[in-house]
J.: 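Quick one: the structure is below, questions incoming.
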Amino acid sequence: LLVGIWLGCVLTEAIFERALLGKGRAHELILVGLHKRVDLIVELPALLGVLATGVVLLFSAGASPILQTKIAFGLLAILANLYCVWLVFRRARAATRGDWSQFEVLDHLQHKWGAVVLVGILVALGLGVRLLGNA
């Protein structure tokens with residue numbers, strides 16, 4: 001459930017970005033405000049919940065190469081997402097200060113790392129489905 005909320009959040013933010021980025025500075029100010037709120041209210045609690053439940057479940061799971069790979073991709077997604085959240089806040093600060101050159105640099109970084117988050121989540125989910133099939 002938490003992974004679904006987290007993935008839904010990442011996809012929702014991608015829609016925000018697609019709809020508002022490059023449409024003018026006023027729209028980009030709306031974008032950074034929306035993105036920060038979603039990160040704080042939904043995304044961070046969901047990904048921290050994924051981490052917490054993953055740690056709890058780890059103690060009852062048998063070790064396997066597939067599980068270890070799933071954990072690695074899940075941790076990659078979590079760490080990349082935490083970095084993205086930091087970038088979102090820095091980008092918002094740059095936008096509100098009117099530092100649009102810094103905004104552009106941070107925006108580019110955030111989108112690159114956002115792709116890492118998405119790949120990490122999807123690979124970890126796929127490996128989880130495979131693990132269920134093997135159970």
Side-chain angles (χ1 to χ4, degrees):
L1 178 65
L2 290 169
V3 172
I5 292 169
W6 181 22
L7 180 58
C9 223
V10 169
L11 296 174
T12 299
E13 290 168 342
I15 292 168
F16 289 166
E17 296 285 334
R18 184 95 169 128
L20 297 170
L21 193 63
K23 304 290 195 256
R25 298 306 184 198
H27 285 91
E28 288 167 341
L29 285 167
I30 293 168
L31 168 65
V32 298
L34 281 171
H35 205 142
K36 276 178 52 177
R37 273 185 245 134
V38 170
D39 278 1
L40 282 174
I41 296 168
V42 183
E43 189 169 16
L44 278 173
L47 81 88
L48 293 174
V50 167
L51 179 62
T53 56
V55 168
V56 169
L57 291 171
L58 181 61
F59 292 110
S60 64
S64 76
I66 294 175
L67 179 60
Q68 291 170 345
T69 305
K70 177 185 189 290
I71 291 167
F73 275 96
L75 286 173
L76 172 66
I78 288 168
L79 292 173
N81 205 151
L82 290 172
Y83 182 60
C84 275
V85 168
W86 181 71
L87 289 170
V88 163
F89 278 78
R90 286 192 58 211
R91 181 181 75 160
R93 195 173 24 233
T96 56
R97 284 193 321 249
D99 187 351
W100 296 106
S101 61
Q102 181 68 13
F103 172 91
E104 298 295 335
V105 169
L106 295 166
D107 182 69
H108 183 71
L109 267 175
Q110 181 214 326
H111 290 125
K112 279 186 169 184
W113 282 96
V116 173
V117 173
L118 185 58
V119 169
I121 292 171
L122 293 175
V123 171
L125 270 174
L127 290 168
V129 169
R130 180 163 175 176
L131 283 168
L132 287 174
N134 292 343

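This is a predicted model, so every value here is computed, not measured. Note that these values count all heavy atoms, side chains included, but never hydrogens, waters or copies made by symmetry.
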J.: Is it the case that one hydrophobic cluster holds both Leu76 and Val129, taking links as side-chain heavy atoms less than 4.5 Å apart, direct or via other members?
T.: no
J.: If hydrophobic clusters are built by linking Ile, Leu, Val, Met, Phe, Trp and Tyr wherever their side-chain heavy atoms come under 4.5 Å apart, do Leu109 and Ile78 end up in the same one?
T.: yes
J.: In Å, rounded to the nearest 0.5 Å, how long is the span from SG of Cys84 to CG of Leu106?
T.: 11.5 Å
J.: Can you confirm whether Thr12 sits close enough to Val38 that some side-chain heavy atom of one is under 4.5 Å from a side-chain heavy atom of the other?
T.: no
J.: Identify, with sequence neighbours excluded, every residue that meets side chain to side chain donor-acceptor pair (under 3.5 Å) alongside Glu17.
T.: His35, Arg91, His111
J.: Can you pull the salt bridge (charged side-chain N to carboxylate O under 4.0 Å, His left out) pairs that have at least one residue in residues 37-52, sequence neighbours excluded?
T.: none
J.: Under a single-linkage definition using a 4.5 Å side-chain heavy-atom cutoff for Ile, Leu, Val, Met, Phe, Trp and Tyr, are Leu34 and Ile5 assigned to the same hydrophobic cluster?
T.: no
J.: ring-ring contact (aromatic ring centres under 6.0 Å, His included): which pairs involve residues 45-70, sequence neighbours left out?
T.: none
J.: Not counting sequence neighbours, which residues clear salt bridge (Lys or Arg N to Asp or Glu O under 4.0 Å) with Glu28? List them please.
T.: Arg25
J.: Give a yes or no on whether Leu87 and Leu48 share a hydrophobic cluster (residues Ile, Leu, Val, Met, Phe, Trp, Tyr; joining criterion: side-chain heavy atoms under 4.5 Å apart).
T.: yes
J.: Following the transitive rule for hydrophobic clusters with a side-chain heavy-atom cut-off under 4.5 Å over Ile, Leu, Val, Met, Phe, Trp and Tyr, establish whether Trp6 and Leu58 coincide in one cluster.
T.: yes
J.: In chain order, what residues pass the salt bridge (Lys or Arg N to Asp or Glu O under 4.0 Å) check against Arg97, with sequence neighbours excluded?
T.: Asp99
J.: Specify the closest pair of heavy atoms between Cys9 and Val42, including all atoms of both residues, with the distance to one decimal.
T.: SG-CG1, 3.6 Å
J.: Side chain to side chain contact (heavy atoms under 4.5 Å, CB included) with Leu44: which residues, sequence neighbours excluded?
T.: Leu40, Leu47, Leu82, Val85
J.: Indicate yes or no: at least one non-hydrogen side-chain atom of Arg90 is less than 4.5 angstrom from one of Gln102.
T.: yes
J.: Listed by chain and number, what are the side chain to side chain contact (heavy atoms under 4.5 Å, CB included) partners of Leu125, not counting sequence neighbours?
T.: Val3, Leu7, Ile121
J.: Enumerate donor-acceptor pairs with a distance under 3.5 Å from any side-chain N or O in residues 61-74 to protein atoms, sequence neighbours excluded.
T.:
unit_1: Ser64; atom_1: OG; unit_2: Leu67; atom_2: N; d: 3.0
unit_1: Thr69; atom_1: OG1; unit_2: Pro65; atom_2: O; d: 2.8

J.: Name all residues meeting the side chain to side chain donor-acceptor pair (under 3.5 Å) criterion together with His108; count only those two or more places apart in sequence or in a different chain, and write none if there are none.
T.: none
J.: Please list every donor-acceptor pair under 3.5 Å in which a side-chain atom of residues 50-57 meets a protein atom from a residue at least two apart or in another chain.
T.:
unit_1: Thr53; atom_1: OG1; unit_2: Gly49; atom_2: O; d: 2.9
unit_1: Thr53; atom_1: OG1; unit_2: Val50; atom_2: O; d: 3.2

J.: Hey, could you give me each pair passing ring-ring contact (aromatic ring centres under 6.0 Å, His included) that has a residue in residues 79-102? Not counting sequence neighbours.
T.: Tyr83-Trp86, Tyr83-Trp113, Trp100-Phe103
J.: What pairs with Phe16 under ring-ring contact (aromatic ring centres under 6.0 Å, His included), at least two apart in sequence or on another chain?
T.: none
